[in-house]
Number of protein chains: 2
Amino acid sequence: MDNIEKLFASKNIRVTAMRLLIYKFLAEKQIAVTLSDIENAFDKADRTTLYRTIKTFEEKVIVHQIDDGTGITKYALCEKGCNCDIETDLHLHFHCNNCNETICLTDHKIPQIKVPEGFVSENVNLVVKGICDKCSGY
Amino acid sequence: MDNIEKLFASKNIRVTAMRLLIYKFLAEKQIAVTLSDIENAFDKADRTTLYRTIKTFEEKVIVHQIDDGTGITKYALCEKGCNCDIETDLHLHFHCNNCNETICLTDHKIPQIKVPEGFVSENVNLVVKGICDKCSGY
DNA sequence: GTATTAATGCACTTCCATTGCATGGTATTT
DNA sequence: AAATACCATGCAATGGAAGTGCATTAATAC
């Protein structure tokens, strides 16, 4: 029983071949992926299965959703210490306008945002757009 | 020739009845609206016309687009001094989880965001979610 | 091994965004 | 003012993503 299966077991998720494949796919990628990305990687699998698998992962806090402003929902594995289920967690994502990839900058925390009186802040979504390290030739 | 017509003229936009109506509609609203919102306000008009009108306004920097994470694009009038065409402008929007309205907080600037070395920041999209002043009973 | 429960696959639906083309209106030229 | 060019509008249709219902198949529990 490998690590992924242990993780699934600890979250009460049934271990299936498809889920293991999808998990491994996400783990290999350093970037956030769309449903279509996953779909293209697994021709045999049905889109609904992928969709529901991701939704399951989301519920169990294995992946988190990213809205990078492209209009298409992306997903990325939660890292150790990723508190994306906690409302006060402050996500920071970087979207490259050149290669169109979105990266989780988990070690970059978002500063406290002030809101006007009467407003209650529950969650903050911050997406920085620009050119990533690969594309800038750094 | 009133102010709106002057504005249109200064941006090389032809003055039409529909455009004036849409502009006035946006001006009355204090919140960001979806295409459907506009559609509902003008039963007679075709969806495409509204869509293209908004796109024209966007090109001419009369409105700016907001992605508040609901998956539906919203639009709001650019205010005086709204530099939404300038890449370094930092938008701040508030989305109420209760009434589902999105508000432009143009007077609340976003602090400088640090990105890792090699990354070039061109634009920042920040959406704070929570409860707005109306819904919090402030 | 049988029963229970959950995962998968297929078909279908809905919603928003977007485009092509014909038509009608606005501005420009002579 | 008539003719022309240019742009706005409306209709129809498309595409893409998200989501749901149901029957089938696979995984766990007894």
Side-chain angles (χ1 to χ4, degrees), chain A residues 1-2 4-25 32-60 62-76 95 100 102, chain B residues 1 4-25 32-60 62-75 95 100 102:
Chain A
M1 188 165 175
D2 72 2
I4 307 177
E5 296 192 20
K6 276 183 197 159
L7 172 67
F8 284 8
S10 76
K11 305 233 180 191
N12 274 325
I13 298 175
R14 284 194 184 170
V15 177
T16 70
M18 205 62 240
R19 286 179 176 169
L20 288 172
L21 284 172
I22 295 176
Y23 186 94
K24 282 173 188 163
F25 176 76
V33 298
T34 65
L35 248 199
S36 298
D37 291 337
I38 307 177
E39 206 180 342
N40 293 335
F42 302 101
D43 290 337
K44 325 147 208 170
D46 186 75
R47 228 193 61 258
T48 314
T49 305
L50 304 174
Y51 174 74
R52 285 198 256 240
T53 300
I54 286 288
K55 285 292 163 194
T56 302
F57 283 179
E58 224 184 321
E59 276 170 30
K60 305 291 185 176
I62 289 177
V63 306
H64 65 266
Q65 202 174 324
I66 299 161
D67 173 21
D68 63 5
T70 54
I72 302 164
T73 307
K74 296 190 177 177
Y75 304 91
H95 178 76
N100 208 37
T102 299
Chain B
M1 188 163 174
I4 307 179
E5 296 190 21
K6 276 182 199 160
L7 172 68
F8 284 7
S10 76
K11 306 231 177 194
N12 275 324
I13 299 175
R14 284 195 185 168
V15 177
T16 69
M18 204 64 239
R19 286 178 176 171
L20 289 172
L21 284 173
I22 295 175
Y23 186 93
K24 283 173 189 163
F25 177 75
V33 299
T34 65
L35 246 200
S36 298
D37 290 337
I38 307 177
E39 207 180 343
N40 293 334
F42 302 101
D43 290 337
K44 324 147 208 169
D46 186 76
R47 214 191 133 72
T48 315
T49 304
L50 305 175
Y51 174 75
R52 285 200 254 239
T53 300
I54 286 288
K55 287 290 164 195
T56 302
F57 283 179
E58 223 184 319
E59 276 169 30
K60 305 292 186 176
I62 289 178
V63 306
H64 65 266
Q65 199 175 325
I66 300 161
D67 173 20
D68 63 5
T70 55
I72 303 162
T73 308
K74 297 188 176 178
Y75 304 92
H95 177 77
N100 209 36
T102 298

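Residue numbers start from 1 in every chain, and the chains themselves are labelled A, B, ... in the order their sequence lines are given, proteins ahead of strands. As a basis for the values below, the full set of heavy atoms in this structure was taken, side chains included, without hydrogen atoms, waters or symmetry mates. What you see is a predicted model, and the numbers here were worked out from it, not measured in a lab.
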Between the protein and nucleotides 16-20 of chain D, which nitrogen or oxygen pairs come in under 3.5 angstrom?
from, atom 1, to, atom 2, distance (Å)
D/dA18, OP1, A/Thr73, N, 3.4
D/dA18, OP1, A/Thr73, OG1, 3.1
D/dA18, N7, A/Arg47, NH2, 3.1
D/dG19, OP2, A/Tyr51, OH, 2.6
D/dG19, O5', A/Tyr51, OH, 2.9
D/dG19, O6, A/Arg47, NH2, 3.3

Rounded to the nearest 0.5 Å, how far does [atom2] of [Y] lie from [atom1] of [X]?
{"X": "B/Glu39", "Y": "B/Leu50", "atom1": "CD", "atom2": "CG", "value": "6.5 Å"}
{"X": "B/Leu35", "Y": "B/Asn40", "atom1": "CG", "atom2": "CG", "value": "10.5 Å"}
{"X": "A/Glu59", "Y": "A/Ile13", "atom1": "CD", "atom2": "CD1", "value": "9.0 Å"}
{"X": "A/Arg47", "Y": "A/Thr49", "atom1": "CZ", "atom2": "OG1", "value": "10.0 Å"}
{"X": "A/Ile22", "Y": "A/Thr53", "atom1": "CD1", "atom2": "OG1", "value": "4.0 Å"}
{"X": "B/Arg19", "Y": "B/Arg52", "atom1": "CZ", "atom2": "CZ", "value": "11.0 Å"}

- Span of DNA chain C, from the first to the last nucleotide whose atoms fall under 4.0 Å of chain A heavy atoms: C/dT5 to C/dA11
- Query: Between atom CD in B/Glu59 and atom P in D/dC7, what is the gap in whole Å?
  - Reply: 12 Å
- How long is the line joining CZ of B/Phe42 and C1' of D/dG10, in whole Å? 16 Å
- Checking side chain to side chain contact (heavy atoms under 4.5 Å, CB included) for the pair A/Gln65/A/Ile54: CA distance, chi angles, key distance, verdict? CA-CA 9 Å; A/Gln65 202 174 324; A/Ile54 286 288; over 6 Å; no
- Angle between terminal axes - the helix from C/dG1-D/dC30 to C/dT30-D/dA1, 5 pairs each end, rounded to 10°: 20°
- Task: Indicate the atoms forming the closest heavy-atom contact of B/Lys11 with B/Ile62, along with that distance.
- Result: CD-CG1, 4.1 Å
- NA contact type, B/Thr53, heavy-atom cut-off 4.0 Å: base, sugar-phosphate, or nothing? sugar-phosphate
- Pairing residues for B/Tyr51 by the ring-ring contact (aromatic ring centres under 6.0 Å, His included) criterion, not counting sequence neighbours: none
- Task: Not counting sequence neighbours, which residues clear ring-ring contact (aromatic ring centres under 6.0 Å, His included) with B/Phe8? List them please.
- Result: B/Tyr23, B/Phe57
- Note on the structure: Only residue of A/Asp68, A/Asp37, A/Asp67 satisfying side chain to side chain donor-acceptor pair (under 3.5 Å) with A/Lys74 is A/Asp68
Distances for protein N/O vs nucleotides 26-30 of chain D N/O pairs under 3.5 angstrom?
none

